[in-house]
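Scroll down for the structure; my scribbles are underneath it.
Below, all heavy atoms of this structure are taken into account, side chains as well, without hydrogens, waters or symmetry copies.
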Amino acid sequence: MESQRASALQQRLQARREMFFNKESTPSSSAATTATPSYSTARLNSVNTPTTAPPQPPPTTPRNVKDALNVLSNRENPYGATNGISSVTKKPDVAPKPRDVSPKPEYPQKSPPRQLDGYVGFANLPNQVYRKSVKKGFEFTLMVVGETGLGKSTLINSMFLTDIYSTAYPGPSQRLKKTVQVETNQVLMKEGGVNLTLTIVDTPGFGDAVDNTNCWDSVLNYVESQYEAFLEAETKVARNPTMADSRVNACLYFIAPSGHGLKPLDIEFMKQLHDKINIIPVVAKADTMTPEECAHFKSQIMNQIQAAKIKIYEFPDVSDGEESEKKDNKKMKDRVPFAVVGSNMVIEIDGKKCRGRKYPWGMVDIENMEHCDFVPLRNMLIRTHLQDLRDVTNYIHYENFRCRKLAGVTGTDKVPNKNPLFMVEEEQKEHVAKLNKMEREMEEVFERKVREKKQKLSDNEKDLERRQNESTSRLEQLKQELDEKKAAFDQERIGWETMNNITIDELKRLSMESLDGKKKKGGLSGVSFRMGK
């Protein structure tokens, strides 16, 4: 049967070749067809009819249908470059290896991307996303934390080239606060047709108290409250598609230029918040140190951060970018922590106006990378890594908070990867099943105790009946003995009265008269008493 199927498949292949050869009328095709063995239609139609010149068998006779299909698939495409002429195969010099009949796993093979002959239009999708994003605008929340007088307000104004903090709304150091309070300031900025809603979160009074114990609690509570509000808005039944995203995307932590490394307050603050927000350490007022002192101070800060196992914001590796982008990214990594200088004043240096500071010993250009790291910080924060900061906040810090929150809802320490509502329903079902089980166990215990009580009462009843029967029999015996004694006494009394010729009643009367003092003759003197036998 297998050989007949293989021969039938072989005949079909030859029939297709014959049809192709009949359609070709060019000299090249006719010449090519003469080189191949011809097969007549009569031979194709009558397979079992013997002929004088039978067709040559294939080099390797297929043993089953699967081998025949493999033979057909291994042949050249009749519509390819050979114009339908297959190359003559030779018999193998060595015996073929035995086939592996064990089942092999089939892996899906990725087909290469197909090149289209014309323009379809889906290449315009990035433009659609761009137009939609520009129309919607962008949101970015920046938190600045540090002691009073480190130049936080000045740096923010210098970074965004606008007076975010002005006389109408002064900076944190100008507002006298006795406690650490988190305050927000929202500004809508526009550049090149792109709208950016910038939210500045400042903490006036941070680190200014004598006792700074737990002064980071207000900052931590604010960050978690924003995550909580976003999670609540996200899990509503009717969600608002235009809800505002107030999650903190980056935190600029200002370090005082003491030259002696981080303070215990700095280390503790970053430990408390390093797994919740993107912390970017910044050395404030870097113009107060020499370049050598600044470099030593930076290395000392990084060593302390690594020793305390604090996770600051890490720059993503640029693998598919140009060499210039990779070099810029590496330069920004090497400059962490950023030593910055802020200035709202415009000065003139060598006939060029720029933002900087003027001192008796010289001038500081904040946009000069030899003077400070203001330009790398601004480029990283706004120009190159703003979207990455948003993505890290959304996909890492917020997801970690969401997992911990949902794990707390389910009441398990293990973070599940399930729908919280479904888990609540499962927990409710488990609770109902547990209650039913407890009810059944309580009913079994109650029934067992009732049976035991009934058995105990039955045993007590039997014991009481036995004791009552014993008491009754004892009383009957005592009564019988008493009757016998009473009968013996009556007989003895009658015998005594007969022997003494006097009754007991007369004897009582005589004794009463003697007690009253009456003397009579013929009293008891002549009567001899003899009781008993």
Side-chain angles (χ1 to χ4, degrees), residues 142 144-167 170-174 191 200 202 204 206-208 250-263 266 280-305 312 315 324 327-385:
L142 178 63
V144 288
V145 182
E147 299 178 1
T148 304
L150 292 181
K152 300 186 290 295
S153 306
T154 304
L155 181 67
I156 294 300
N157 291 340
S158 305
M159 188 176 298
F160 293 96
L161 299 179
T162 183
D163 293 333
I164 297 178
Y165 294 106
S166 59
T167 55
S173 60
Q174 303 298 327
E191 181 185 17
I200 303 296
D202 54 43
F206 177 82
D208 296 339
C251 174
L252 294 180
Y253 187 76
F254 286 76
I255 303 171
S258 61
H260 301 291
L262 296 173
K263 299 178 182 178
D266 303 333
I280 303 173
V282 173
V283 179
K285 295 186 177 181
D287 53 348
T288 59
M289 296 183 293
T290 62
E292 292 79 10
E293 292 175 349
C294 186
H296 176 70
F297 190 48
K298 281 185 176 184
S299 62
Q300 191 175 5
I301 290 173
M302 291 304 297
N303 292 334
Q304 288 180 318
I305 288 176
I312 61 175
F315 293 87
S324 60
K327 290 181 180 179
D328 295 340
N329 192 35
K330 188 176 184 304
K331 288 181 180 179
M332 282 190 290
K333 283 185 178 181
D334 296 338
R335 288 182 175 269
V336 176
F338 298 98
V340 297
V341 179
S343 175
N344 295 331
M345 299 176 57
V346 178
I347 61 176
E348 185 175 352
I349 301 177
D350 298 333
K352 180 182 177 182
K353 292 184 178 181
C354 60
R355 291 198 175 203
R357 289 183 174 273
K358 193 173 183 179
Y359 296 101
W361 45 264
M363 291 179 290
V364 177
D365 183 7
I366 65 174
E367 296 183 356
N368 189 349
M369 297 180 61
E370 295 181 357
H371 293 176
C372 66
D373 300 331
F374 173 77
V375 173
L377 175 62
R378 184 178 64 182
N379 292 341
M380 183 275 297
L381 198 62
I382 303 173
R383 186 174 300 176
T384 58
H385 292 78

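When all heavy atoms are compared, the tightest approach of V341 to D287 is CG2-N, 3.6 Å. When all heavy atoms of V375 and M369 are compared, the closest pair comes out as CB-CG, 4.4 Å. Taking both residues in full, the closest heavy atoms of L381 and A250 are given as CD1-CB, 4.2 Å, listed atom of the first, atom of the second, then distance. Taking both residues in full, the closest heavy atoms of H385 and F315 are given as NE2-CD2, 3.6 Å, listed atom of the first, atom of the second, then distance. Across all their heavy atoms, A256 and F297 have their closest contact at O-CZ, 3.6 Å. The two residues P337 and K298 make their nearest non-hydrogen contact at O-CE, 2.9 Å.
Distance alone, capped at 3.5 Å, is enough to place a donor-acceptor pair between the R357 side chain and the G342 backbone. Looking only at distances, a side-chain donor or acceptor of K152 sits under 3.5 Å from a matching main-chain atom of E147.
Contact annotation: the side chain of V144 never approaches that of V282 to less than 4.5 Å [non-hydrogen atoms, C-beta and beyond]. At least one side-chain heavy atom of P257 sits less than 4.5 Å from a side-chain heavy atom of L150. Inter-residue side-chain proximity for P281 and I312 is flagged as met; some heavy-atom pair is nearer than 4.5 Å. You'll find the side chain of E367 reaches within 4.5 Å of the side chain of R378, heavy atoms only.
From K358, atom NZ reaches atom CD1 of I347 across 7.5 Å, with rounding to the nearest 0.5 Å. Here the NE2 atom belonging to H371 is positioned 12.0 Å from the CD1 atom belonging to I366, to the nearest 0.5 angstrom. Put simply, CE on M363 and CG on N368 are 11.5 Å apart, with the number rounded to the nearest 0.5 Å. To the nearest 0.5 Å, the span separating CD1 on I200 from CG on L142 amounts to 4.5 Å. Atom CG of D202 is separated from atom OG of S153 by 7.0 Å, given to the nearest 0.5 angstrom.
Each of L155, V145, D266 was scored for a side chain to side chain contact (heavy atoms under 4.5 Å, CB included) with F254, with one residue passing: L155.
By the 6.0 Å contact criterion, NZ on K333 is enclosed, its count of non-hydrogen atoms from other residues, nucleotides or ligands being greater than 12.
Checked against side-chain hydrogen bond (donor to acceptor under 3.5 Å, both in side chains), R335 has the following partners two or more places apart in sequence or in another chain: D373.
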